[in-house]
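Written below as structure tokens is the structure these notes are about.
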Amino acid sequence: MTSETRARTERFDPAAYEANWRERWERDGLYQARDDDPRDKQYVLTMYPYPSGDLHIGHWYAATGPDIVARVRRMHGDNVMFPMGFDSFGLPAENAAIDRGVDPATWTAGNIDRMRAQFRTMGCMFDWTREVVTSDPAYYHWTQWLFVQFFKAGLAYRAMAPVDWCPKDQVVLAREQVEGVDRHCWRCGTPVIKRDLEQWFFRITNYADELLDFSGIDWPEPIRLMQTNWIGRSEGAEIDFPVEADGVDPIRVFTTRPDTIFGATFMVLAPEHALVSVLTTPEQREAVDSYVVAARSETEIERTSTEREKTGVFIGAYAVNPLNNERIPIWIADYVLPGYGTGAIMAVPAHDERDFAFAHRYDLPIRYVVVPASGELPTSEAFAAHEADEVLADSGEFGGMPASEAIGAITQQLVDIGLGSFAVSYRLRDWLISRQRYWGAPIPIVYCPDHGAQPVPEEQLPVLLPSDVDFAPTGVSPLQSDAGFLAAECPVCGGPARRDTDTMDTFVDSSWYFLRYTSPHSALAWEPEKAKLWMPVDLYTGGAEHAVLHLMYARFFVKALRDMGMLDFDEPFLALRNQGQILGADHQRMSKSRGNVANPDELVARYGSDAVRCFLMFIGPWDQGGPWNPSGIDGIHRFLGRVWSVGQPSLTDAVATNDADELERALRRATHVAIAGVSEDVEAFRFNTALAKLMELTNAVTRAREAGLGSAPVYADAVDTLLLLLAPMAPHITEELWSRRGKPYSIHQQAWPAYDPALAAADTIELPVQVNGKLRDRLVVTPDTPAEEIEKMALGSEKVQAHLGGRPPKRVIHVPGKLVNIVTP
RNA sequence: GCCGGAGUGGCGGAAUGGCAGACGCAGCCGACUUAAAAUCGGCGGCCGCAAGGCGUGGGGGUUCGAGUCCCUCCUCCGGCACCA
């Protein structure tokens with residue numbers, strides 16, 4: 001650059017223009033998605049945040065990726081909606097109320113205001129006119145209304161259930177909110193315990209099979225696998241084992257291996273099983289009772305530890321094997337879980353590790369009934385009968401039958417004698433949605449002494465949260481101590497009734513917020529025609545940690561609402577992409593308690609929003625994340641500085657060169673190579689390599705200017721293209737330069753540059769020449785050089801000849817455009 | 001234990017089975033400057049004076065050719081975990 005142009009170029013100072021452009025975009029409603037836009041719609045969505053207080057670097061990381069894609073799709077000519085809101089019900093607000101005495105609503109509203117302002121500094125194309133806030137009565141009105149619809153459709157029911165209870169947060173948790181080996185609370189980490197409570201459930205298990213079907217949606221394989229495993233479909237049989245006592249129902253078991261029934265040497269009931277008290281003999285009563293009491297007081301940790309030695313008690317009673325009438329002793333043991341299958345098993349110690357360990361400890365018989373076709377049999381451990389080439393042994397008329405065949409044959413025989421059925425069991429349980437806390441949507445149900453649980457009439461919704469309650473956690477909802485809230489009227493008889501004092505799991509709120517964005521101010525939950533216009537979401541992004549929570553619940557909601565006639569599609573999110581997690585500098589998950597939360601404000605103030613966006617996208621693949629280390633942001637700042645420099649208008653310091661034509665072709669080629677590369681990378685969420693390609697183009701443009709091309713049309717084209725390609729990632733600097741160059745406002749409304757392969761084609765290519773796969777020389781040829789000539793040139797190379805040692809080559813492999821490899825004899 | 005994902009320079013990372021290390025960071029050298037910062041240019045896997053050799057977690061294999069495909073082992077990260 002000459003000193004003359006340097007003087008003309010204003011100093012690169014993002015602070016001088018970034019906020020101004022954001023205000024202009026806002027004022028112009030540039031990012032508002034219009035319902036009456038005739039172009040193809042494109043609904044891009046990123047998971048809305050919990051308003052915890054301040055945005056951290058992870059929010060920037062998560063939002064920038066989809067913002068880039070949304071912007072590119074907009075430049076491709078689509079009518080793009082990219083909304084944002086707040087998932088604002090939940091425990092932290094209530095804990096803040098307890099700790100600091102502030103009202104949850106006030107605390108939440110303050111956080112939302114702060115975070116909304118911080119969000120705006122990102123320069124994302126969020127359409128804030130569509131914002132939803134789930135703790136707003138105008139929103140939870142409809143969450144409650146949806147609950148009533150689920151109730152009326154038979155998909156919401158109340159049941160006494162042993163539930164996971166967090167003793168610290170004093171709240172019931174969904175199974176999905178209990179994590180890890182020690183069965184701890186997902187929020188506070190405290191080990192959970194079991195309690196029996198009347199709870200509301202959503203019948204998600206009705207949709208277990210449909211939720212296993214991912215055809216037609218483009219979701220990451222790991223997420224699909226996690227949901228599949230979570231749903232845990234197992235095919236097998238239910239089998240009735242009659243008991244010796246008169247007038248008592250048989251013991252029904254679920255098994256995936258009915259073919260091993262002749263190896264059943266004992267039965268095991270879960271300690272909670274209803275038949276335990278009926279069947280226990282007087283002599284065993286005391287031992288059984290004390291075992292049951294002990295099992296029920298155990299924590300989840302103890303109960304489900306796989307390390308622990310298996311324990312149990314014989315209850316004194318016997319069942320009868322329905323196929324051979326053998327007498328089988330009945331035990332109880334806590335390794336049989338009450339909530340899975342039928343809560344009872346036929347124990348086949350020869351072919352199940354757990355039954356094997358139990359039999360070993362209590363000296364129960366072990367009988368092998370499935371053997372390898374080879375005839376060999378292990379004797380010291382449970383032999384996992386799984387393989388295809390196995391046959392039954394010691395199994396009456398089924399002896400010698402292949403195991404795979406026997407599964408069906410034995411079940412069929414049990415069906416024929418009325419003591420069995422083909423059955424499917426799922427790991428998935430119904431979704432427990434009751435929460436004994438304040439800061440959530442009240443469950444819109446009243447209890448009448450005469451008419452039981454009745455939904456609040458729709459015209460009386462919303463059931464508003466009272467604002468003056470005592471927040472100290474007591475194990476019951478704070479709403480229970482609020483007499484004004486508690487008192488209600490039975491919608492059937494008008495008599496006095498009691499309101500439900502629990503609130504809904506916040507995952508209920510987030511199971512339909514994407515529908516509310518389509519018509520956020522509607523006097524309905526959503527306008528059917530608006531949902532028809534925008535739904536389903538075309539691209540959804542967020543963290544993989546929601547694989548079996550939000551992402552499964554939202555699918556369930558859409559399927560249930562479809563069956564209620566309220567929606568006409570099957571899946572909420574057509575495509576899903578997960579961003580990686582930005583970890584603290586200590587490689588640990590960012591959390592306030594660890595003190596490793598990185599705040600972007602300082603970086604934004606120093607380098608500008610564009611630099612922070614680009615830096616985050618540049619550090620690695622977006623789906624990978626990684627530990628936070630801001631040291632590389634200087635490189636991005638320098639890059640944007642070079643863009644600032646080349647993007648200035650009317651550079652006239654052109655110097656005539658005698659090879660201008662070739663230089664111009666090279667610059668045009670670099671431009672079109674960048675168009676192709678960036679387009680491809682952005683669609684694939686490879687923002688890091690897209691930026692690398694933009695850096696290469698910038699370097700090529702800089703070189704061209706140094707070479708004197710500054711006033712050539714091809715130079716202006718290259719710069720314009722650079723700005724257009726960079727605009728989705730760095731919306732401010734590109735708008736500023738676009739404007740300075742006298743181009744029409746806004747750059748974000750321009751068409752994405754068109755790629756011309758002919759202009760990207762190289763004049764000459766460099767071909768590596770290998771001998772036995774090792775690089776020995778290079779050839780520079782034009783793309784149309786005939787293969788024979790290239791091979792002749794390769795063989796003629798001195799370096800190649802040195803390695804051939806005068807011998808003729810054994811083989812010559814020529815991959816056109818790639819390389820030549822010569823194999824020596 | 002089961003199911004995923006990942007191991008590449010000092011660092012972040014790149015590479016449809018075809019030149020390993022693109023693009024950056026940090027570093028070193030140089031230009032500009034009284035000087036520094038900023039900016040610009042250059043150098044950079046390891047061993048070796050060189051020729052050359054060795055290099056993508058370890059070991060084996062397929063191939064003319066392997067970071068990439070196959071087998072096996074190790075380490076790290078995520079999910080699930082007595083689910084019959």
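All chains are named by letter (A, B, ...) in the order of the sequence lines, taking the proteins before the strands, and each is independently numbered beginning at 1.
- Between the CG atom of N772(A) and the P atom of rU63(B) there is a distance of 15 Å, given to the nearest Å.
- Atom pair N229(A):CG and rG78(B):C1' shows a separation of 13 Å (rounding to whole Å applied).
- The side chain of F254(A) lies closest to rA84(B) when the candidates are rA84(B), rC54(B), rG79(B).
- Summarising the geometry, the separation between CZ on R589(A) and C1' on rG79(B) is reported as 11 Å, rounded to the nearest angstrom.
- If you take atom P in rG52(B) and the same atom in rC73(B), they sit 41 Å apart, rounded to whole Å.
- OP1 or OP2 of rC25(B) lies within a sub-4.0 Å distance of a side-chain N or O belonging to R638(A).
- Note on I619(A): only backbone sugar-phosphate atoms sit closer than 4.0 angstrom, heavy atoms only; bases stay farther off.
- For rA38(B), there is no paired nucleotide, since no Watson-Crick or G-U wobble pair has both relevant distances below 3.5 Å.
- Counting non-hydrogen atoms under 4.0 angstrom, V815(A) reaches a base of the nucleic acid.
- Distance E680(A) CD to rA15(B) P: 11 Å, rounded to the nearest Å.
- At a threshold of 4.0 angstrom between heavy atoms, the contacts of P621(A) are confined to the sugar-phosphate backbone, with no base atom among them.
- In this pair, H672(A) and Y755(A) present their aromatic rings tilted. The plane angle is within the 30 to 60° band.
- Nearer to the 5' terminus of RNA chain B, by closest-nucleotide assignment, is the contact made by P768(A) (compared with the other of P768(A) and I633(A)).
- Between the NE2 atom of H637(A) and the C1' atom of rU39(B) there is a distance of 11 Å, given to the nearest Å.
- Using a 4.0 Å heavy-atom criterion, one finds that R642(A) contacts the sugar-phosphate atoms exclusively.
- Regarding the sugar-base torsion, rG79(B) falls in the anti class, its angle being beyond 90° of 0.
- Among the atoms of the strands shown, only primed sugar atoms or phosphate atoms (P, OP1, OP2) are found under 4.0 Å from some heavy atom of N699(A).
- Place E221(A) and N688(A) on RNA chain B by their nearest nucleotides, and E221(A) ends up nearer the 5' end.
- Base-pair partner of rG12(B): rC23(B) (Watson-Crick or G-U wobble, both distances under 3.5 Å).
- Not a single donor-acceptor pair, N or O on each side, falls under 3.5 Å between the base of rC19(B) and the side chain of K818(A).
- The separation of rC25(B) from rU63(B), taken at their C1' atoms, amounts to 38 Å, rounded to a whole angstrom.
- Between Y553(A) and W431(A), the ring planes are parallel. Angles under 30° get that label, and only those over 60° would be called perpendicular.
- Note: CZ (R686(A)) to P (rA14(B)) measures 10 Å, nearest angstrom.
- Taking atom C1' in both rA31(B) and rA22(B), the straight-line distance is 27 Å, to the nearest Å.
- Residue Q770(A) has no polar side-chain atom (N or O) positioned under 4.0 Å from OP1 or OP2 of rG18(B).
- Contact annotation for R703(A): no contact, since no heavy-atom pair falls under 4.0 Å across all strands.
- Ring geometry for Y335(A) against F358(A) counts as tilted: the plane angle lies between 30° and 60°, on a 0 to 90° scale.
- Across L819(A), L779(A), V820(A), N821(A), a single residue satisfies side chain to side chain contact (heavy atoms under 4.5 Å, CB included) together with P768(A), and that is L819(A).
- The side chain of S234(A) places an N or O atom within less than 4.0 Å of a non-bridging phosphate oxygen (OP1 or OP2) of rA84(B).
- The aromatic rings of H546(A) and F507(A) lie perpendicular to each other, with more than 60° between the two planes, well past the 30° mark.
- Taking a pair to require two hydrogen-bonding distances under 3.5 Å in either a Watson-Crick or a G-U wobble arrangement, rA6(B) pairs with rU75(B).
- Between F214(A) and W219(A), the ring planes lie tilted relative to each other; the angle falls in the 30° to 60° range.
- A distance of about 16 Å separates the C1' atoms of rU56(B) and rU75(B), rounded to the whole Å.
- Taking atom P in both rU16(B) and rC2(B), one finds a spacing of 32 Å when rounded to whole Å.
- Going from the P atom of rA81(B) to that of rU62(B) covers 43 Å, rounded to whole Å.
- For the pair R11(A) and rA38(B), the criterion of a side-chain N or O lying under 4.0 Å from OP1 or OP2 is not met.
- Aromatic ring pairs are classed by plane angle as parallel below 30°, tilted from 30° to 60° and perpendicular above 60°; the pair W644(A) and F12(A) is tilted.
- Across the protein-nucleic acid pair, I251(A) atom CD1 and rA84(B) atom C1' stand 15 Å apart, rounded to whole Å.
- With a cut-off of 3.5 Å on both Watson-Crick or G-U wobble distances, the partner of rG1(B) is given as rC80(B).
- Regarding H587(A), its NE2 atom lies at a distance of 16 Å from the C1' atom of rG78(B), rounded to whole Å.
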